[in-house]
Protein chains: 2
Amino acid sequence: MVPNEKKGDTSTEEKIKNAARLVFHQKGYAGTRTRDIAEQAGINLALLNYYFRSKQKLFDLIMLETMQDFIQSMKTVFNDKNTSLQSKVEAVASRYIDLLIKEPEIPLFIMSELRANPEGLLQKMKFQEVLMKSTFIRQYRIEVVKGEIAPQNLLHFIINVIGLTVFPFVASPILRSLGDLTKEQFNALMVERKAFIPKWVYAMMKVS
Amino acid sequence: MVPNEKKGDTSTEEKIKNAARLVFHQKGYAGTRTRDIAEQAGINLALLNYYFRSKQKLFDLIMLETMQDFIQSMKTVFNDKNTSLQSKVEAVASRYIDLLIKEPEIPLFIMSELRANPEGLLQKMKFQEVLMKSTFIRQYRIEVVKGEIAPQNLLHFIINVIGLTVFPFVASPILRSLGDLTKEQFNALMVERKAFIPKWVYAMMKVS
DNA sequence: GTCTATATACGGATAGAC
DNA sequence: GTCTATCCGTATATAGAC
């Protein structure tokens, strides 16, 4: 029987990767047992080592892919020369919120694992280069010069856009408990924010 | 030799607790080895179990204390009937930023550990009651009625205040890498935010 | 109360049959 | 490629001497 490796996610290797992504995202590296992954994938524990050599190697792979997905999805938006700064903020908020409704554990996963591994991955991803040299940032600087935006530190702007978008997902257990919200009610609240965030950010950035 | 139990942190029990707090906050429950705690405390591993029975019991204690400290420090602010809403936002931002500069790992610690343990602690802490029945929230509602604030969902207001304050500390590895900042430069940026956040929040909340 | 030595359990990884 | 059985290091926890 030839395994259907091209059909997408049915190959054993893909099943393991998908299971690993799920479990690692939920429990982090230290909290995950290879046995959990094997069970989730519906395969035998030995196969995990057969395909990926070790827990660490499998984790590194998932971590890299996760961060790439998270960044790559924004590169296009940031560097579109045909859209205004404000519409870029709209696009970022909208896309991230859609993504995070599907995979809400990603930010906490990335940030938790990054505290252990300080500089390793961050430089490899050239995070700084991708964002800081983008059209997005150039447009921001232009608006500051034109007086449309108060001349605060650029990082405040970035923190605010990302924070308003991502933070509620990081803190969702607390927020859901505070408002006594179901998962659906919480998600609806996040969808509301898609329209608010660009307006909010612009209002903030007029403040000196 | 009588151990100086009253002198503060010199008793063995306190030494272990302080070490445990430090290590758990940095590495989380799963990532921490009891040996790390013993070493950090400068005591023998067996003493840890002598005083606290198990890793789990010690962790539960630290977790509870950490969350209480985090909430308790705000109860006073939230319920002060003699200060305006805006000055409460100022006080919250200012106090949290001071606290987080001293102990920046706390938010990530709480949120990471909360994703595992869903409802257990949150209800025990009566988070909802403390905040939702506070003077802070009553004043917010009054300003909405008076038309000073656009009638958005109350949770957006809370998410925004807390998010703008806490998020940068959660994401600090990424942000520091983005801006190529030393710890000191990062902290200075956070101090700047003390003054900005109340202004920003007010500007946002006028937006419909 | 504090130590050394040790029991016990658990998790990652491999050997080897099929 | 996939399984069962097992090895072996590591981590929590306890026993027992001092």
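What you see below is based on every heavy atom in this structure, not just the backbone, and it leaves out hydrogens, waters and symmetry mates. In what follows, chains carry the letters A, B, and so on, assigned in the order in which the sequence lines appear, proteins first and then strands, with residues in each chain numbered from 1.
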Under 3.5 Å donor-acceptor, B:T32 side chain and B:G28 backbone: yes
Which pairs, protein N/O on one side and nucleotides 2-8 of chain C N/O on the other, fall under 3.5 Å?
unit_1	atom_1	unit_2	atom_2	d
C:dT2	OP1	B:T12	OG1	2.9
C:dT2	OP2	B:T12	OG1	3.2
C:dT2	OP2	B:Y51	OH	2.7
C:dC3	OP2	B:N44	N	3.3
C:dT4	OP2	B:N44	ND2	3.1

Contacts of A:I106 that satisfy side-chain contact (heavy atoms from CB on, under 4.5 Å) - sequence neighbours left out: A:H25, A:T66, A:F70, A:E103, A:I110
side-chain contact (heavy atoms from CB on, under 4.5 Å) against A:A38, all qualifying residues, sequence neighbours excluded: A:I43, A:L45
Between C:dA13 (P) and A:D36 (CG): distance, integer Å: 14 Å
Heavy-atom donor-acceptor pair, A:S177 side chain to A:P173 backbone, under 3.5 Å: no
Atom pair distance, as rounded to whole Å: NZ in A:K27 and P in C:dG11: 10 Å
side-chain N/O B:T34 vs D:dA11 OP1/OP2, d < 4.0 Å: no
Rounded interatomic separation in angstrom, taking CG from B:L48 and C1' from D:dA11: 12 Å
Spacing of CD1 belonging to A:I159 relative to CZ belonging to B:F167, to within rounding of 0.5 Å: 8.5 Å
First of A:R33 and A:N49 reached from the 5' end of DNA chain C, by closest nucleotide: A:R33
Whole angstrom value for the distance that separates P of C:dG11 from CD of A:Q56: 18 Å
Face-on cation placement of B:K55 at B:Y29 ring, 6.0 Å and 45° thresholds: yes
Residues in side-chain contact (heavy atoms from CB on, under 4.5 Å) contact with A:D69, at least two apart in sequence or another chain: none
Got a list of side-chain donor-acceptor pairs under 3.5 Å for residues 188-196 of chain B, not counting sequence neighbours?
unit_1	atom_1	unit_2	atom_2	d
B:E192	OE1	A:H156	NE2	3.0
B:R193	NE	B:L164	O	3.3
B:R193	NH1	A:H156	ND1	3.1
B:R193	NH1	A:N160	OD1	3.2
B:R193	NH2	A:N160	OD1	2.7
B:R193	NH2	B:L164	O	3.0
B:K194	NZ	B:D98	OD1	2.7
B:K194	NZ	B:D98	OD2	3.4

Separation of atom CZ in A:F52 from atom P in C:dT14, rounded to whole Å: 15 Å
Residue-level proximity of residues 58-65 of chain B to DNA chain D when a heavy atom falls under 4.0 Å: none
